[in-house]
Amino acid sequence: MGSAGQNCYSNCSRLNLTTCQPLMSNAEIVVTEVDYDPDGCYDPQEYMAVVNGGNKFQEYSDFIGYFMLMFGAFGIVGNSLSIIVLIKKEKICFNYLLVALNCFDTFHIVFAILDVIRNNHEEAYPDTLLTIFPYFHYPLYRLSLCVSIYLIVAITCERYMAVTKPQTRLTSSQMTRAVMYILPCVLIATFLNIGKFFEAETVSYCMDFTSCGCGYHEVTYVRPTQLRLSRNYIIFYSTWTWVTMTSLAPFFILTLLNVIIWRKLKQAQKTMAQLNKTIHHPKTQLQAAKEKKTCLSSTSILLCTVSMFLTCNLPRLSLSIYEAAMINKIIHCQSKQKGITPIWYVYAMASVQLLQVVNTSVNFPIYWFVGNFRETFLNLFCGSQGVMGRVRKTLFNSESDNNCQEETNIEMVSRQSSVPTLFTDSSNTGYAYEKLLKSAKK
């Protein structure tokens with residue numbers, strides 16, 4: 001933790017001694033027009049006084065924050081349910097990758113919620129988290145976003161290999177193949193974000209107003225480090241490396257591979273239709289239909305996931321390209337303690353953060369409406385062997401209700417009299433009676 005100095009601020013003349021609050025200026029200069037220098041730079045306070053009258057941006061930020069909290073809560077619940085269901089589905093590489101994606105999407109949502117609390121509800125942000133903000137919240141927020149992006153690319157690569165070279169799936173186990181996709185994503189994202197652990201630092205300073213009866217106060221805040229303020233670091237790492245590795249390259253790879261997958265999928269559908277006409281063995285037809293259903297389900301989920309990712313991240317890509325194009329002017333104005341970024345950029349950045357939370361929160365709806373995820377979910381939670389089925393058994397088939405079970409058995413047996421007799425001799429009738437009792441007890 002950094003330190004702003006050993007001496008505390010103690011000028012009581014700047015306080016209202018009755019309320020111990022800072023004195024307000026009696027005369028405020030009204031600014032109606034922004035003055036720009038020859039380089040297009042402006043004074044930040046003057047600019048915000050003109051374009052942000054009444055603190056409009058903070059109101060918009062609060063509005064966006066509430067939506068982030070709402071979508072974030074939905075996303076955490078939905079992703080958690082998705083993880084449970086995907087683990088119970090087919091033990092294939094694609095499902096393992098989806099589990100990893102949902103895990104890191106959930107991590108990103110948690111850090112996004114913490115970011116909303118820190119920016120819009122500062123009093124609710126724990127001091128402990130503020131102290132470790134440079135080493136926990138700040139870098140891991142970016143790291144979780146990177147891993148989620150790379151996992152979507154990895155899932156696309158897995159589907160590409162499954163569609164174009166299906167024989168490669170037999171070379172190793174499904175879990176091993178999944179790890180071979182997940183591990184590089186985590187390692188590359190970690191390597192890319194190492195610098196994020198050294199971009200911010202916490203600083204504390206004290207205000208000693210005990211001499212005028214207003215107490216002693218210690219304030220902790222976060223500020224950028226000298227590394228983060230370095231011109232070369234900003235241009236080559238924070239801007240171009242980040243834009244290329246998290247926006248341009250993933251967008252290009254996802255677009256290219258998914259176009260190929262979509263074309264291969266169309267060809268596969270025609271091929272399967274022809275094979276179904278030539279194959280007459282029931283067992284072979286059943287196996288082929290099952291494999292086709294799994295492949296179509298996985299590919300459909302991928303295409304919907306990628307489409308949602310591209311839609312929600314396109315504004316982030318646009319802003320990243322704009323920032324990269326303007327970075328030299330931005331640094332030049334900052335060297336003069338001025339700004340050049342327009343107000344719409346600030347609004348757009350807040351909206352982009354919301355879109356990122358939306359993208360990481362809609363996994364469950366995508367799985368529900370696309371593929372065979374819904375069948376597994378209903379069987380797992382609503383089936384006779386699922387959660388609700390077990391609850392019903394606990395409530396209605398407890399030991400204290402054995403009499404109810406016996407009455408049910410008797411009732412099922414008594415219905416035999418209303419059914420036409422299927423057995424003529426007594427031995428067959430006794431066998432049917434015994435079989436019916438057994439089935440009732442089940």
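Every value quoted in this text rests on a predicted model; they were computed, and no experiment measured them. We use all heavy atoms of the structure for the numbers below, so side chains are in, but hydrogens, waters and symmetry mates are not.
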* Asked: Which residues pass the disulfide bond (SG atoms under 2.5 Å apart) test with C304, sequence neighbours left out?
  -> none
* Asked: Would you find a donor on one side and an acceptor on the other, under 3.5 Å apart, between the side chain of S247 and the backbone of T244?
  -> no
Determine all donor-acceptor pairs shorter than 3.5 Å in which one atom belongs to a side chain in residues 180-198; sequence neighbours excluded.
from: T190; atom 1: OG1; to: V186; atom 2: O; distance (Å): 2.7
from: N193; atom 1: ND2; to: A189; atom 2: O; distance (Å): 2.7

* Asked: Judged by atom type as modelled, is there a donor-acceptor pair below 3.5 Å linking the side chain of Q174 to the main-chain atoms of I92?
  -> no
* To do: Return each pair, listed once, that meets ring-ring contact (aromatic ring centres under 6.0 Å, His included) where at least one residue sits in residues 81-104; pairs must be two or more places apart or across chains.
  => F104-F107
* Asked: Among V51, D35, V34, which residue meets the side chain to side chain contact (heavy atoms under 4.5 Å, CB included) test with Y42?
  -> V34
* Minimum side-chain heavy-atom gap F209-Y9 below 4.5 Å -> yes
Donor-acceptor pairs are to be reported for all side-chain atoms of residues 61-71 against protein atoms at under 3.5 Å, with residues two or more places apart or in another chain.
from: S61; atom 1: OG; to: N120; atom 2: OD1; distance (Å): 3.0
from: D62; atom 1: OD1; to: Q58; atom 2: NE2; distance (Å): 3.1

* To do: For side chain to side chain donor-acceptor pair (under 3.5 Å), just list the numbers for Y205 and H217, CA-CA rounded to whole Å, side-chain angles, deciding distance to a tenth of an Å, and then say yes or no.
  => CA-CA 9 Å; Y205 67 92; H217 308 275; over 6 Å; no
* To do: Quick one: which residue pairs count as a salt bridge (charged side-chain N to carboxylate O under 4.0 Å, His left out) with a foot in residues 111-128, not counting sequence neighbours?
  => none
* Asked: Rounded to the nearest 0.5 Å, what separation is found between the OG1 atom of T210 and the OH atom of Y216?
  -> 9.5 Å
* Would a distance-only check, ignoring hydrogens and angles, find a side-chain to backbone donor-acceptor pair under 3.5 Å from N258 to L254? -> yes
* Of I261, L97, I301, the residue whose pairing with R159 passes side chain to side chain contact (heavy atoms under 4.5 Å, CB included) -> I261
* **All disulfide bond (SG atoms under 2.5 Å apart) counterparts of C214, not counting sequence neighbours** => C20
* Asked: Ignoring hydrogens and geometry, is there a side-chain-to-backbone donor-acceptor pair from T241 to F236 under 3.5 Å?
  -> yes
* Please collect all salt bridge (charged side-chain N to carboxylate O under 4.0 Å, His left out) contacts where either partner lies in residues 338-361, sequence neighbours excluded, each pair once. => D37-K338
* Asked: Can you tell me if N359 uses its side chain to pair, donor with acceptor, with the backbone of C312 under 3.5 Å?
  -> no
Anything under 3.5 Å between a donor and an acceptor, one on a side chain of residues 74-81, the other on a protein residue two or more places apart or in another chain? List them.
from: N79; atom 1: OD1; to: N363; atom 2: ND2; distance (Å): 3.3
from: N79; atom 1: ND2; to: G75; atom 2: O; distance (Å): 3.3
from: N79; atom 1: ND2; to: T106; atom 2: OG1; distance (Å): 3.4
from: N79; atom 1: ND2; to: T360; atom 2: O; distance (Å): 3.1
from: S80; atom 1: OG; to: I76; atom 2: O; distance (Å): 2.7

* Asked: Just how far is it from atom OG of S144 to atom CG of D105, taken to the nearest 0.5 Å?
  -> 8.5 Å
* Quick check: does any side chain N or O of D208 sit under 3.5 Å from a backbone N or O of S10, one acting as donor and the other as acceptor? -> no
* Could you tell me the separation between the CG atom of L380 and the CD atom of E375, rounded to the nearest 0.5 Å? => 13.5 Å
Listed pairs under 3.5 Å, donor-acceptor, residues 349-357 side chains, sequence neighbours left out:
from: S351; atom 1: OG; to: Y60; atom 2: OH; distance (Å): 2.5
from: S351; atom 1: OG; to: Y347; atom 2: O; distance (Å): 3.1

* Asked: Near K88 NZ, under 6.0 Å, is it more than 12 heavy atoms from other residues, nucleotides or ligands?
  -> no
* Judged by modelled atom types alone, do S173 and T176 share a side-chain donor-acceptor pair under 3.5 Å? -> yes
* Verify whether one side chain among S204 and T220 offers a donor that lies under 3.5 Å from an acceptor in the other. => yes
* To do: Please round to the nearest 0.5 Å and tell me the distance separating atom CD1 of I152 and atom CD1 of I253.
  => 12.5 Å
* Which residue pairs pass the salt bridge (charged side-chain N to carboxylate O under 4.0 Å, His left out) test with at least one member in residues 227-247, sequence neighbours excluded? -> E199-R228
* For residues R14 and N11, is any side-chain donor paired with an opposing acceptor at under 3.5 Å? -> no
* Structure fact -> For residues 144-163, the ring-ring contact (aromatic ring centres under 6.0 Å, His included) pairs (sequence neighbours left out) are none
* Asked: Taking only residues two or more places apart in sequence or in another chain, which ones pass side chain to side chain donor-acceptor pair (under 3.5 Å) with E59?
  -> none
* Asked: Would you find a donor on one side and an acceptor on the other, under 3.5 Å apart, between the side chain of K329 and the backbone of A325?
  -> no
* To do: Could you grab the distance from atom CG of N102 to atom CD1 of I109, nearest 0.5 Å is fine?
  => 9.0 Å
* To do: Give the ring-plane orientation class for Y345 versus Y322, where under 30° counts as parallel, over 60° as perpendicular and anything between as tilted.
  => tilted
